[in-house]
A.B. asks: 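So that we are looking at the same thing, I have put the structure below in structure tokens.
Quick caveat, the model's predicted, so the values are computed rather than measured.
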Amino acid sequence: SARVSSGPWLSLSFVLTDGASHVVDSSELAFKIAAQYAFRQACEKANPTILEPIMTVEVNAPPEFQGSIIAQINRRKGLVVSAESGHDVVTVVAEVPLSEMFGYSTDLRSITQGKGEFTMEYKTHAPVQYQVQQQLAEEYKKKQKAEEK
């Protein structure tokens, strides 16, 4: 099976190129079974990818903490988009996977002595890293086998 996680399938389209109806063996159930089989075949050939939400994160803090903030964003698999320094505040804008943002508020307070703050909003979905997809697929397969028993 091409199924790699329990999440929904997105952005699918199919074109039916051929089909016939016969009085003897055509029924609603027969067409549903044929559609399921065709869907499974197409998904195995499609090489599905797991997507994750990417957030735009804006961090504001005193300038002396800029290096620590950027290093922490990098550790969280983030991509720094911009860093602007003002007189008494630095603003760092980055794109970070949502899964890496858990616990960020505590970490930010810790490295900025409580002086840093951030906002976060959804930007897009992007493919997870290959190793993460492999791990999620293995976990899903183990769960499926356990449920079969």
A.B. asks: Counting only N and O atoms by type, is there a donor-acceptor contact under 3.5 Å from the side chain of Q133 to the main-chain atoms of I50?
C.D. replies: yes

A.B. asks: Can you name the one residue among I73, V80, T56 that meets side chain to side chain contact (heavy atoms under 4.5 Å, CB included) with V93?
C.D. replies: T56

A.B. asks: Taking all atoms of both residues into account, what is the closest heavy-atom pair of I69 and A61, and its distance?
C.D. replies: CD1-CB, 3.5 Å

A.B. asks: Do M55 and Y122 come close enough that some side-chain heavy atom pair is under 4.5 Å?
C.D. replies: yes

A.B. asks: Taking side chain as C-beta onward, heavy atoms only, is E52 less than 4.5 Å from V132?
C.D. replies: no

A.B. asks: Counting neighbours of CD on E28 that are heavy atoms of other residues, nucleotides or ligands and sit closer than 6.0 Å, is the number greater than 12?
C.D. replies: no

A.B. asks: Could you check if a side-chain atom of V59 sits within less than 4.5 angstrom of a side-chain atom of Y104, using non-hydrogen atoms only?
C.D. replies: yes

A.B. asks: Where do P97 and K77 come nearest, in terms of heavy atoms and distance?
C.D. replies: CD-O, 3.5 Å

A.B. asks: How many angstroms lie between CG in L98 and CZ in R76, if you round to the nearest 0.5 Å?
C.D. replies: 11.5 Å

A.B. asks: Quick one, M120 with V96, criterion side chain to side chain contact (heavy atoms under 4.5 Å, CB included). Give me CA distance, side-chain angles, the key distance, then yes/no.
C.D. replies: CA-CA 9 Å; M120 175 173 68; V96 186; over 6 Å; no

A.B. asks: Find the distance between CD (E121) and CD (E58) and round it off to the nearest 0.5 Å.
C.D. replies: 9.0 Å

A.B. asks: Looking only at the side chains, is there a donor atom on one of E138 and Q134 sitting less than 3.5 Å from an acceptor on the other?
C.D. replies: no

A.B. asks: Within a strict 4.5 Å, meaning less than it, do heavy atoms of the E95 and T124 side chains meet?
C.D. replies: no

A.B. asks: Using the rule that two of Ile, Leu, Val, Met, Phe, Trp, Tyr join whenever any of their side-chain heavy atoms come within less than 4.5 Å, decide whether I54 and L136 are in one cluster.
C.D. replies: no

A.B. asks: Drop me the distance from K143's NZ to E147's CD, to the nearest 0.5 angstrom.
C.D. replies: 5.5 Å

A.B. asks: Can you see which heavy atom on F65 is nearest to which on I111, and at what distance?
C.D. replies: CD2-O, 3.2 Å

A.B. asks: For the residue pair Q72 and S68, establish whether any side-chain heavy-atom pair is separated by less than 4.5 Å.
C.D. replies: no

